[in-house]
Amino acid sequence: MDLKSNHTSPVLADPAPINKSRLGIHSSLFKYSPSGAVFSTGLRHLTIPKRKPGILDDVRSSSWLDAMKSSSPPHKKKTKDFNSEIAVDDAFLAYRTWMLKYPSALASFEQITAIAKGKRIALFLDYDGTLSQIVDNPDSAFMTSAMRTAVRNVAKYFPTAIISGRSRDKGTEVNLFQPASAFLPMIDEVFRSLVDITKEIPGAKVENNKFCVSVHYRNVDEKNWEQVAQCVQDILKDYPRLRLTHGRKVLEVRPVIDWDKGKAVEFLLESLGLNNCNDVLPIYVGDDRTDEDAFKVLREGNLGYGILVSSVPKESKAYYSLRDPTEVMEFLKLVVAWKQSSAL
Ligand SMILES: O=P(O)(O)OC[C@H]1O[C@H](O[C@H]2O[C@H](CO)[C@@H](O)[C@H](O)[C@H]2O)[C@H](O)[C@@H](O)[C@@H]1O
C-alpha cells in the first residue's frame, strides 16, 4: 500500500533505509551527488577471529552498562500500595516540571502554527517509538491503521519523510543516497558473528539493518546484559571502522562515517530544494538518541523544531514534546486540519 502524496516523500535511513512493506510508504526516486560525504573503498578482507568472549572487565568499567540501563523508560507497572502511589505522583510532578522546558506540541499548537504562518512545513518522522509503539519483538512494530492514515494524510499536504535506522526490503525499486554502501560486506560479516556469539544468551536478538547491526536486549534478563555488551565489545575490537551507538534497549554497531539523522535531514532538505529557504519550517519528531542529531541540526541552525516523543523526562535538543505515538498521531491530524482550514 503506497502513500499517495503531491509532494516528494523520500524515505531515508540512518543510514539504512526502512522496511517499506512494514510502513507502506511511498518511495520517491531522487538523485544526489554528495560533495562532502566520507566514503571508504578498498576494504581489507576481514575475518572474524574465532575466540571466546573476553572477561567482562571492559564492559563493567565502561559506561556501557549505565547507558544500557537508562536506554528506555521502564514498562508501566500497576500500582496498588501507598508507596508506589507516592512514586507515581513524584514521576507525574517530575514530568510536569520537565514539560516547562519541553512544552507539549499539542498544547503549544497555536504557537507552532503562528510561527509556521506563511511558511511551508516539512515533516520528518522517526519510526520506532514515534509512529509505532515500542514492542518486545521488533518484527511486530507496526503502525496502527489510524496512524497509517494520519501519515498518509499529512504527506498529502507537506513534504514528509520517515527517517529510520531500520532496513528496507530487498527488491524495492528505489534510488537512495547510501553513504555506507562500502561497509555492506563488513556489516554482514559482523551480523553473522554477533548472531553466533549471542546465540546462547536467552532473549538476545540480532537484527541486520543492512548498514548497521542492532543487538536487542529488551528480552534479555538484566543479569545477562553484561554478557550482551561484552559480545558487542569483543566484535568492535576487531573492527576499528565500526562504532557503537545506544538506542532503546538496543546496541547498534554502525560504520564510522560522517552520517547521522541530522545529516539525513540536511540532505533531504537540500534534495527537495527546501534548504536556504526562509519560508520553510522543518519539524522533526523522534523519540531516541539517534534523533538528537536531527534536533541539534534544527536547533543550532535555527532552522526549525524538534519534537521529542517521551513519557519520561529526558534532556534533549528538541523544543517541544509529545508523550507517545498516540499524541504524535493527534499532532499530525492537527497539522492537517490547520492546513485545510488555512486553505479555505
Ligand atoms: O530509527 P528508528 O526508526 O527509531 O529505529 C531504531 C531501532 O528501532 C527498532 O528497535 C526499537 O523498537 C523495537 C520495536 O518496538 C523494540 O523492540 C526495540 O527495543 C527498540 O530499540 C529496530 O528494531 C532497530 O533495528 C532500529 O535500529
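Indexing begins at 1, ligand by ligand and atom by atom, following the structure's order.
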With sequence neighbours left out, the residues meeting salt bridge (charged side-chain N to carboxylate O under 4.0 Å, His left out) with K69 are none
If we number the atoms of ligand 1 from 1 as shown, the ones under 4.0 Å from a heavy atom of Y127 are 3 (O)
query = Is there a nitrogen or oxygen of G165 sitting under 3.5 Å from a nitrogen or oxygen of ligand 1?
reply = yes
Taking both backbone and side-chain atoms of H216, is any N or O found less than 3.5 Å from an N or O belonging to ligand 1? yes
Any heavy atom of D126 under 4.0 Å from ligand 1? The part involved is side chain
* Does an N or O from N209, backbone or side chain, lie closer than 3.5 Å to an N or O of ligand 1? -> yes
Ligand 1 to V250, heavy atom cutoff 4.0 Å, flagged ligand atoms 21 (O)
Note: ligand 1 atoms sitting under 4.0 Å from heavy atoms of A141 are 14 (C), 15 (O)
Q) In terms of hydrophobic clusters joined by side-chain contacts under 4.5 Å, are L332 and I115 together? A) yes
Check: S181 and F211 side chains under 4.5 Å, non-hydrogen atoms:
yes
Looking only at non-hydrogen atoms, the one of E207, R254, R218 nearest atom 24 (C) of ligand 1 is E207
Looking only at non-hydrogen atoms, the one of H246, R289, Q133, K261 nearest atom 1 (O) of ligand 1 is K261
is_close_aromatic(Y284, F295), centroid dist under 6.0 Å | yes
Exercise for the section: Please indicate whether any nitrogen or oxygen in I163 is less than 3.5 Å from any nitrogen or oxygen in ligand 1. Expected result: no
Numbered in order shown, the ligand 1 atoms found under 4.0 Å of a heavy atom of S214 are 24 (C), 25 (O), 27 (O)
Q. Aromatic rings Y217 and W225: how do their planes relate, parallel, tilted or perpendicular, breaks at 30° and 60°?
A. perpendicular
Item to complete: Examine ligand 1 and decide if any of its atoms is less than 4.0 Å from a heavy atom belonging to D136.
Response: yes
| request: Look at the rings of W338 and F158 and say which category their plane angle falls in: under 30° parallel, 30 to 60° tilted, over 60° perpendicular. | output: parallel
For D90, the salt bridge (charged side-chain N to carboxylate O under 4.0 Å, His left out) test, sequence neighbours excluded, returns none
Heteroatom proximity flag, N137 to ligand 1, N/O under 3.5 Å: no
Note: ligand 1 atoms sitting under 4.0 Å from heavy atoms of S164 are 1 (O), 2 (P), 3 (O), 5 (O)
Keeping S321 on the side-chain end and L308 on the backbone end, is there a donor-acceptor pair under 3.5 Å?
no
Heavy atoms of T245 and R243 approach each other most closely as CG2-NH1, 3.2 Å
